[in-house]
**Student:** 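Just passing along the structure, written as C-alpha cells.
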Protein chains: 2
Amino acid sequence: MLLQIDVNSEETLYTQLANQIRYGIAKGYLQPDDPLPSVRNLASELGINMHTVSKAYNKLKEEGIIIVNRSKGVRISSSVLADRRTGYETVLEEKIRQLVSQSICNGIGEKRFLGMVKNVFTEMRSET
Amino acid sequence: MLLQIDVNSEETLYTQLANQIRYGIAKGYLQPDDPLPSVRNLASELGINMHTVSKAYNKLKEEGIIIVNRSKGVRISSSVLADRRTGYETVLEEKIRQLVSQSICNGIGEKRFLGMVKNVFTEMRSET
DNA sequence: CTTCTTGTTCTATATATAATATAACAGCTA
DNA sequence: TAGCTGTTATATTATATATAGAACAAGAAG
C-alpha cells in the first residue's frame with residue numbers, strides 16, 4: 001500500500017501517517033496480520049525522521065490496531081476489524097457530536113450528513 | 001447559555017470554547033443574531049485570558065458562524081443554520097472519512113455508526 | 001465632550017508538542 | 001558475527017498554546 005505525506009498539511013506528520021494506515025485497513029488495502037515497513041525504511045521512503053514514524057506506530061499500537069515487536073517488526077493486529085468493545089465508542093460519540101454541530105452551523109442537515117456517511121462507507125467497500 | 005471549559009482536557013481551551021458555541025447553535029441554545037459575551041467578560045467568567053476567548057471568536061468568525069464588530073460586540077450570524085455552500089463540505093467529507101476509518105478499525109460498522117449519528121441529530125432536536 | 005466598553009494590535013514570556021538528529025541498547029535472525 | 005528490529009536517551013529547532021500588560025480606534029452613553 002502506498003503511504004504518502006504532505007509536509008504542507010495542517011495535520012502533523014505522524015497524525016497523517018496514522019490516518020492513512022487506519023484508512024488503508026478500513027478500505028481493505030491492509031489486512032489483519034499484514035506486515036508494515038520498519039520505522040527506518042518507511043522514514044527513508046517518506047523522507048522524514050525515524051522517530052516520527054515510530055510515533056505514528058505507537059499511536060496505533062495504543063489503539064490496539066497494530067502489533068509492534070522488538071525484533072519481529074510491525075504488523076496489523078489480527079483482531080482489528082473485530083468488535084473489541086473498548087472505550088472508543090465514547091470518544092467516537094463526542095467526535096460525532098462536534099462534527100454534527102459544525103455541520104448544522106453550516107446548514108448541513110441530517111439527511112445530507114447521513115448521505116455523506118453512507119457514501120464514505122460505500123467508498124470503503126468499493127474496489128480500486 | 002452556560003459555557004464552561006476543562007483545563008485538564010486534551011483539547012485546547014479555545015477549541016473547547018468554539019466547540020461549545022457550535023454545539024449551542026446546533027442544539028438551539030444560541031440562535032441567529034443572539035449576542036455573545038464580550039471577550040473580557042467571558043474570559044473573566046471562565047477564569048481564562050482575554051486573548052484565548054478572542055482566538056475562539058476569531059475561529060468562528062472565519063467560519064462565518066459569528067459576526068464580530070469592533071464596538072458593537074459579538075453576535076451569532078443571522079445566516080447561520082442556512083445552507084451557505086462554502087468549501088466546508090469538502091472538509092467535512094475528509095473528517096467523516098477519518099472517523100469512519102477509525103471506527104471500522106475498532107469493529108464499528110456502518111449500521112452502528114449511522115445509529116450513533118442519528119442519535120446525535122435527535123439529541124440536537126430534543127429539549128433540555 | 002468625556003467616559004466607558006468594544007475588539008484589535010503589539011510585545012513579551014512560559015510551556016508543550018512536533019520534528020529532526022545522533023548515538024547507543026537489547027532481542028532476534030541468518 | 002553481522003545485520004536487522006524497535007526502543008531509549010539526549011539535544012536542538014520550530015511552532016502552537018496560553019498568559020500578561022499595555023495601548024489603540026470606533027462607537028455608545030452619560
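Computed from a predicted structure; not experimentally measured. In what follows, chains carry the letters A, B, and so on, assigned in the order in which the sequence lines appear, proteins first and then strands, with residues in each chain numbered from 1.
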**Student:** Return yes if some donor-acceptor pair links the side-chain N/O of A:Q16 with the main-chain N/O of A:D6 below 3.5 Å, else return no.
**Tutor:**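 Judged by distance alone, yes, a pair lies under 3.5 Å.
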
**Student:** Indicate, with a heavy-atom threshold strictly under 4.0 Å, whether B:K72 touches base, sugar-phosphate, or nothing.
**Tutor:**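 Touches nothing.
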
**Student:** Mind listing the residues from residues 7-19 of chain A sitting with a heavy atom below 4.0 Å of DNA chain D? Number order is fine.
**Tutor:**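 Output list: empty, so none.
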
**Student:** Hey, is the side chain of A:H51 pairing donor to acceptor with the base of D:dG6 inside 3.5 Å?
**Tutor:**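 No pair found.
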
**Student:** Apply side chain to side chain contact (heavy atoms under 4.5 Å, CB included) to B:Y88 and A:Q102, showing your working.
**Tutor:** CA-CA 9 Å; B:Y88 175 70; A:Q102 206 163 11; 3.3 Å; yes

**Student:** Between B:L42 and B:P37, what is the shortest heavy-atom contact and its length?
**Tutor:**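 Answer, listing the atom of B:L42 first, then B:P37: CB-CB, 3.9 Å.
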
**Student:** With heavy atoms of chain B within less than 4.0 Å as the criterion, where does contact along DNA chain C begin and end?
**Tutor:**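 Boundary nucleotides touching chain B, in 5' to 3' order, are C:dT6 to C:dC10.
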
**Student:** Pick the nucleotide of DNA chain C nearest each of A:M50 and A:G47; which residue has the one closer to the 5' end?
**Tutor:**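 Of the two residues, A:G47 wins.
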
**Student:** Walk me through it: do A:Y14 and A:H51 pass the test side chain to side chain contact (heavy atoms under 4.5 Å, CB included)?
**Tutor:** CA-CA 9 Å; A:Y14 82 92; A:H51 297 100; over 6 Å; no

**Student:** Using side chain to side chain contact (heavy atoms under 4.5 Å, CB included), reason through B:I67 and B:S77 one step at a time and then give a plain yes or no.
**Tutor:** CA-CA 5 Å; B:I67 303 295; B:S77 165; 4.1 Å; yes

**Student:** How long is the line joining CG of A:N49 and P of D:dT12, in whole Å?
**Tutor:**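 So the CG-P distance, A:N49 to D:dT12, works out to 16 Å.
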
**Student:** With nearest nucleotides of DNA chain C determined for B:P37 and A:T52 from heavy-atom distances, which residue corresponds to the more 5′ nucleotide?
**Tutor:**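 Upstream on the strand: B:P37.
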
**Student:** Which dot-bracket string fits DNA chain C when only Watson-Crick or G-U wobble pairs with both atom distances under 3.5 Å count, crossing pairs get [ ], and | stands for a partner on a different strand?
**Tutor:** |||||.|||||||||||||||||||.||||

**Student:** Quick one: is A:N58 getting a side-chain N or O under 4.0 Å of the D:dG6 phosphate, OP1 or OP2?
**Tutor:**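 Checking A:N58 against D:dG6: no side-chain N or O falls below 4.0 Å of OP1 or OP2.
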
**Student:** Side chain to side chain contact (heavy atoms under 4.5 Å, CB included) for A:R112 and B:E89? Distances and angles first, verdict last.
**Tutor:** CA-CA 10 Å; A:R112 189 134 113 243; B:E89 211 157 351; 3.0 Å; yes

**Student:** Output the rounded distance in Å from CZ (B:R40) to P (D:dT19).
**Tutor:**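 Rounded to the whole Å, the gap is 16 Å.
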
**Student:** Any Lys/Arg nitrogen of A:E110 or B:R125 sitting under 4.0 Å from an Asp/Glu carboxylate oxygen of the other?
**Tutor:**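 Answer for the salt bridge query: yes.
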
**Student:** Nearest whole Å is fine: how far is D:dA18 P from B:K59 NZ?
**Tutor:**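 B:K59 atom NZ is separated from D:dA18 atom P by 14 Å.
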
**Student:** Can you tell me how far the OG atom of B:S101 sits from the CG atom of A:N19, to the nearest 0.5 Å?
**Tutor:**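 Separation between the atoms: 7.5 Å.
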
**Student:** For B:Q20, run the side-chain contact (heavy atoms from CB on, under 4.5 Å) check against B:L3, B:L30, B:L2 and tell me which one passes.
**Tutor:**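 Of all the options given, the one that passes is B:L3.
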
**Student:** Can a side chain N or O of A:S71 be found less than 4.0 Å away from OP1 or OP2 on D:dG6?
**Tutor:**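 Negative; the distance criterion is not met.
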
**Student:** Whole angstroms only, please: what is the CG-P distance between A:L42 and D:dT5?
**Tutor:**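 In whole Å, D:dT5 P and A:L42 CG are 12 Å from each other.
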
**Student:** Please tell me which of the listed nucleotides, D:dT5, D:dT7, D:dA20, lies nearest to the side chain of A:S38?
**Tutor:**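 That would be D:dT5.
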
**Student:** Salt-bridged, A:R97 to A:E94, with N to O below 4.0 Å?
**Tutor:**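 A salt bridge links A:R97 with A:E94.
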
**Student:** So, do A:R84 and A:S79 sit near enough that their side-chain heavy atoms are less than 4.5 Å apart?
**Tutor:**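 With C-beta onward as the side chain, the pair touches.
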
